[in-house]
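Below: one structure, written as structure tokens.
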Amino acid sequence: MRILVVGKGGREHALVRALAESPGAPELFCYPGSDAIFRLAKPIEADGLESLVTWMKSNAIDLCVAGEESYLVKGEGLANLCEKQGIPCWGPPKESAQLEASKEFAKEFLVRNGIPTARATATDTLGEALQAIGGEFPTVLKFDGLAAGKGVAVCPDEASALAFLDEVFTQRRFGPGRVLVEQCLTGPEVSVFAAIVDDQYLIFTPARDYKRASDDDLGPNTGGMGAVASRQLVSEEVLEVIEREIVRPTVNGLRQENLPYRGFLYFGLMLTPTGPQVIEYNCRFGDPECQAVMPLVRGDLAGFCLAGAQGQLRSDLIAFSDGWSVCVILASAGYPESSRNGDRISGLDAITDARVYHSGTRIDAAGNWETQGGRVLAVVAGAETREVAVTRAHAAADCVAFDGLQRRRDIGILNF
Ligand code: AMP
Ligand code: GLY
């Protein structure tokens, strides 16, 4: 089997590793990939989506796996172009990927399908937004578009709301777009991933990510500074409610609204005192949740994704380990406001009982790993108990050093 994985981050490195370890040893290709991914998957030369799909066609690719969301909604859409060429794609077409690309689209879908979610009003101007807030704080403001994780502000007071609205409506920091004013929910967050194949689904091991930059959930929001994954993260009862009130109605809604879906769908949930509610959908696996979840997946992920992309949910091909997986992110100097490239990374060879996925690294002229981006590495360890997984992951992370390294010490500990 010949598989092409689209993306270049730690999530894609974890996906590529899991696919490479599938029985049958598929031949792997990547676009755009990274130096770490190139060790498992051959780089391909393409100049944009069209040429990528043409390359896939002429090189007999059996399956395209979409890691990163941006390609799903770019131009004609990765999955749409694959479909035209008859190439099975694990990842939804552009129309369905609006669930992630447009928060307003997602909110209307949720409301239409009776799926629990925070009340929200779409606004076009600063005045409309202030009226919708109605002096009620805290409030949540969301830019309606892809904003690289920076488009959401939880505002405790009017000053913080005005600052965000100024960025959106006056400075146009994210480009043109509306703002959703949303009711602020409270409770622990959980990321649930379902593999969806038309009207069927399989729920993967739930995970939780740590979004803030610093220990104790302080500091600015980031792409994610770590994650834990375990079946035990959510009780049997709560998982049943999530499946009945959220996952099943979502899958039914996609069918009824003629939104084809074959791929991972990520449900960002808040477990509020009145039950689980949807905060967001993402049309892909989470990063860094993927790095925590993939080591728990057993069996034939490659076969599972290929069958799924061809319209068959083959739940018999994979299984999930019990136990816990803990992922610690190592970030470069300046992250998340900026990042620093070119810091030499040492200590990777000293890691024995953990996996290392590369989020932002490259190999320098002398053949050494160096930083290349904000999130640099994900160090992931597993064990029967959370405590042991935490100890292993942090001990392995201690082996790695580079100038300006930032990491959290409470990943897998805080919120338990
Ligand atoms: P999002 O980009 O939609 O995932 O939002 C980023 C983060 O903002 C979430 O992970 C939550 O921590 C927070 N958030 C989003 N919506 C709400 C809400 N309605 N109430 C409280 N917190 C929220
Ligand atoms: N970990 C959050 C995300 O992937 O969006």
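When a ligand or atom number is given, it counts from 1 through the structure's own listing order. The shown structure was predicted, so the numbers you read here are calculated from the model rather than taken from an experiment.
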What are the atoms of ligand 2, with element, lying closer than 4.0 Å to any heavy atom of [X]?
| X | value |
| --- | --- |
| Asn282 | 5 (O) |
| Gly286 | 4 (O) |
| Tyr266 | 1 (N), 2 (C), 3 (C), 4 (O) |

*Cation-pi check, Arg173 to Phe143: give yes when NZ or CZ is under 6.0 Å from the six-membered ring centre and within 45° of the ring axis, no otherwise.*
no
Please find out if less than 6.0 Å separates the ring center of [X] from that of [Y].
| X | Y | value |
| --- | --- | --- |
| Trp55 | Tyr31 | no |
| Tyr266 | Tyr281 | no |
| Phe264 | Phe285 | yes |

Which of the numbered atoms in ligand 1 are below 4.0 angstrom from a heavy atom of [X]?
| X | answer |
| --- | --- |
| Val140 | 16 (N), 17 (C), 18 (C), 19 (N), 20 (N), 21 (C) |
| Gln183 | 18 (C), 19 (N), 20 (N) |
| Lys211 | 10 (O) |
| Ile279 | 3 (O), 15 (C), 16 (N) |
| Lys103 | 2 (O), 3 (O) |

Could you check whether [Y] and [X], counting side-chain N and O atoms only, form a donor-acceptor pair closer than 3.5 Å?
| X | Y | result |
| --- | --- | --- |
| Asp35 | Gln372 | no |
| Glu68 | Ser70 | yes |
| Asn341 | Glu370 | no |
| Tyr201 | Thr250 | no |
| Glu95 | Asn80 | yes |

*Is ligand 1 less than 4.0 angstrom away from at least one heavy atom of Gly268?*
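Gly268: no contact with ligand 1 (<4.0 Å).
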*Winner among Glu189, Glu280, Arg212 once heavy atoms are compared against atom 10 (O) of ligand 1*: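 Closest candidate by heavy-atom distance is Glu189.
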*Identify which of Asn221, Val152, Thr186 has a heavy atom lying nearest to atom 5 (O) of ligand 1.*
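Checking each option, the heavy atom nearest atom 5 (O) of ligand 1 is found in Val152.
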*Taking both backbone and side-chain atoms of Ala118, is any N or O found less than 3.5 Å from an N or O belonging to ligand 1?*
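For ligand 1, there is no N or O atom that lies under 3.5 Å from one belonging to Ala118.
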*Hey, is ligand 1 close enough to Lys142 that some N/O pair sits below 3.5 Å?*
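Min N/O separation from ligand 1 is below 3.5 Å for Lys142.
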*Answer with side chain, backbone, both or neither: which part of Glu289 has a heavy atom less than 4.0 angstrom from an atom of ligand 2?*
side chain
*Examine the proximity of ligand 1 to Leu185 and report which part, side chain or backbone, both or neither, has a heavy atom under 4.0 Å away.*
both
*Judging by distance only, is a nitrogen or oxygen of Asp209 under 3.5 angstrom from one on ligand 2?*
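Yes, there is a polar N/O contact under 3.5 Å.
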_From CA spacing to verdict: salt bridge (charged side-chain N to carboxylate O under 4.0 Å, His left out), Asp62, Arg2_ = CA-CA 5 Å; Asp62 299 298; Arg2 290 159 68 84; 5.6 Å; no
_Closest protein heavy atom (residue, atom, distance) for atom 5 (O) of ligand 2_ =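 Of the protein heavy atoms, Arg284 NH2, 3.0 Å lies nearest.
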_Parallel, tilted or perpendicular: which one describes the rings of His13 and His358, with boundaries at 30° and 60°?_
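Rings of His13 and His358: perpendicular, over 60°.
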*Say whether Phe285 and ligand 2 are in contact under the criterion: heavy-atom distance to a ligand atom below 4.0 Å.*
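False for this residue.
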